[in-house]
Protein chains: 2
Amino acid sequence: MITLKDVAETIGCDVSTVSRVLNGKPNRVSEANRNRIHEVARQLGYIANRTASSLASGSTHTVGVLVSNVFDGVYAEYIEKLDLAFSEAGYSLRPFICHNRPDKEALALDALLHHEVDAMISMHYSRECEDVYVRIKQHSGKLIFRSVARIPEISFDHVLIDLEEGYRELSLHLARQGCRRIAVVGGSVASLLTLGGKSDSVQFFKDGIRAGGLAEDSSGGIVCADEQESAYQAVKKLYGKQKSPPFDGLIVQSINKVVGVCRALQNCGFAIPSDVKVATFSDLPLCRLFPVPLTVWAQPVQEICSALVETTLRRLKSPEMPPTVFKFKSSLIVRESSGKDIMEKKK
Amino acid sequence: MITLKDVAETIGCDVSTVSRVLNGKPNRVSEANRNRIHEVARQLGYIANRTASSLASGSTHTVGVLVSNVFDGVYAEYIEKLDLAFSEAGYSLRPFICHNRPDKEALALDALLHHEVDAMISMHYSRECEDVYVRIKQHSGKLIFRSVARIPEISFDHVLIDLEEGYRELSLHLARQGCRRIAVVGGSVASLLTLGGKSDSVQFFKDGIRAGGLAEDSSGGIVCADEQESAYQAVKKLYGKQKSPPFDGLIVQSINKVVGVCRALQNCGFAIPSDVKVATFSDLPLCRLFPVPLTVWAQPVQEICSALVETTLRRLKSPEMPPTVFKFKSSLIVRESSGKDIMEKKK
DNA sequence: GTGAAAGCGCTAACAG
DNA sequence: CTGTTAGCGCTTTCAC
């Protein structure tokens, strides 16, 4: 392996000079040496050892991003956009996938503690790992949340999205479109609605239900895991062999589940939007190109990513700065899945 | 920051002893010291600096995987499966996304050269980066290809999938299902069929066409970029305002494009499979749950991932071993999109 | 402008 | 069983 030392020795100068030149450090290196160094480095096939520079300089120039999976188009989109944005800023993005498992989540967060990355963006928070987050706060603080609500226990930078409000807007919208019974498919909201329990999202959902003129007991949850197949099974089980649909409005928590939901409805002989109206979160390309284009509560993903990158870079520069909080506004995009045509005819 | 040295000093022993204990090195450390070291390390909140261990030990315990994007479910699936498999083997997977850009591809490969990862799995090869691959061969050799054909110029480990044969099997299948004019949507095959030019895949495709009893000029290509939207536009442009479909059989190169293709056909008033039959590669969950379940040339992804992990670990262990080549067999799964019902009625 | 020197934090012989 | 001794390859002050 060719090292800085090798280059320095064949030239007869010091490693520090070579280092300066090869890293394009500001001023002061003679033209002559500069050229010679570049030339020799190339000839010898010198390749810097980044592990060594990271150790010496104390920075890896890498930012981690923690996601639950990468199969969901939403995360894929964030990762691709963040990757591009960070590489423009001279950093590289390193995705960590936790598969919804706290052990993997902790392992990913360890990368920050162990100095494998300079900072970490977390798009997945589970209570089980709270102690790790506390440790991070003590040791580094270079963690940025992209989440729905502020993690109150510890103070980190936050980039917030208004998914909670989405539950209100979507349930209200569906009610206005004529739905009489509205359910949430998947996620914690579905669980809480089914098993009982409260959360801000549930509250927002119920607000929408009421504002839409429906009784609270006209709503419910359909519990399923975070996969296309689970959603399919759950909906099929509930709707199979029914003459009329148990719920005529569905708010589906993620795009993967929409796929399962739509297929299940189709299998059970129910049409979208005439029998059942469907809406979801995140405006992926798939939402427009779906056989029945989907009504969505759409986040400004590009802006969110920019905010994440900015926040991260700022935090890296000024570690002691007090935590910042951004909150982004989503918007309702109405398409055929919730009866766009009906709406337009009314007008 | 608490270092090994701090732990050693508060105990009054040497850093090497602490290192041994904390890394669970085989034999020989007294029970007494062992416990004391663990305790003090915990109390002080010691966290190992992995950059430093990587430098000292010469290994990062990280394997990179280079993909063109992560939005395509196929890559997402590989990444998730590889991630799981590698973490069981004590390695962590680091995805690199090149967005089909040679500059980003080279940058990702640099990570291997610069010792940021111990090995790299490449699922994306572009000729433009050939020089980088040559460099890698000289300097490291720890590159494993998951590809369709062997990269002949340089000898690396290969895990091959039979996508080429897929073009033959799918075109033959569509012909047998009654298609008279068959086209390939997207990818290099579509380009070569349109602009002229040869490749093994094109040859296989034409073999299938002939074997299916069709004339060679009854086939064609529909060129588009690797996105849902591009495929949509390309097909819409070709099929719009036509009374009968220009091609009644479509082999679509990736799942994202299928989404665009199906939507375009629907928009143009053509039904699947009665007017146009569709088939694609890779059996993702989406293929079964699609409104019209998709006929696919299905790869054994789990086995492929196992082979990739095994190959990588073996290469890491024995760098001098001659390159190995695995080839996996796919299988045809017939579903409604190519007229499964029709087939069954015939029987 | 350039070199000398002191680390970054950890690992891994080797010697006792 | 444990300490000593060298590094790993690079960065970065500080003199000259």
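Just so we're clear, the structure is a prediction, and the values are computed from it rather than from any experiment. All heavy atoms count here, side chains included; hydrogens, waters and symmetry mates do not. Below, read A as the first sequence line, B as the second, and so on, with proteins coming before strands; counting in each chain starts at 1.
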Footprint string (nucleotides 7-12 of chain D, 5' to 3'): B base within contact, S backbone only, - free, heavy atoms under 4.0 Å: BBBBBB
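In this structure, CG of B:L22 is placed 14 Å from P of C:dA12, rounded to the nearest angstrom. Note: NE2 (B:H61) to P (C:dT11) measures 11 Å, nearest angstrom. Summarising the geometry, the separation between CZ on B:R36 and C1' on D:dT2 is reported as 16 Å, rounded to the nearest angstrom. In this structure, CG of A:L113 is placed 15 Å from P of C:dG9, rounded to the nearest angstrom.
Taking a cutoff of 4.0 Å between a charged side-chain nitrogen and a carboxylate oxygen, B:E39 and B:R42 do not qualify as a salt bridge.
Sorted pairs that involve residues 134-144 of chain B and meet side-chain hydrogen bond (donor to acceptor under 3.5 Å, both in side chains), not counting sequence neighbours, are lacking altogether.
There is a side-chain donor-acceptor pair under 3.5 Å between B:S92 and A:R94. Side chain to side chain, B:S254 and B:N256 fail the donor-acceptor criterion of an N or O pair below 3.5 Å.
For B:Y133 and B:F145, the gap between ring centers is short of 6.0 Å.
Not a single donor-acceptor pair under 3.5 Å links the side chain of A:S318 to the backbone N or O of A:E320.
Each of A:V309, A:L160, A:V159 was evaluated against A:I304; a single residue qualifies, A:V159, per the side chain to side chain contact (heavy atoms under 4.5 Å, CB included) test.
In the helix from C:dG1-D:dC16 to C:dG16-D:dC1, the rotation axis of the first five pairs and that of the last five pairs differ in direction by 30°, rounded to 10 degrees.
We find the OG1-CG distance between B:T3 and B:L44 to be 9.5 Å, quoted to the nearest 0.5 Å.
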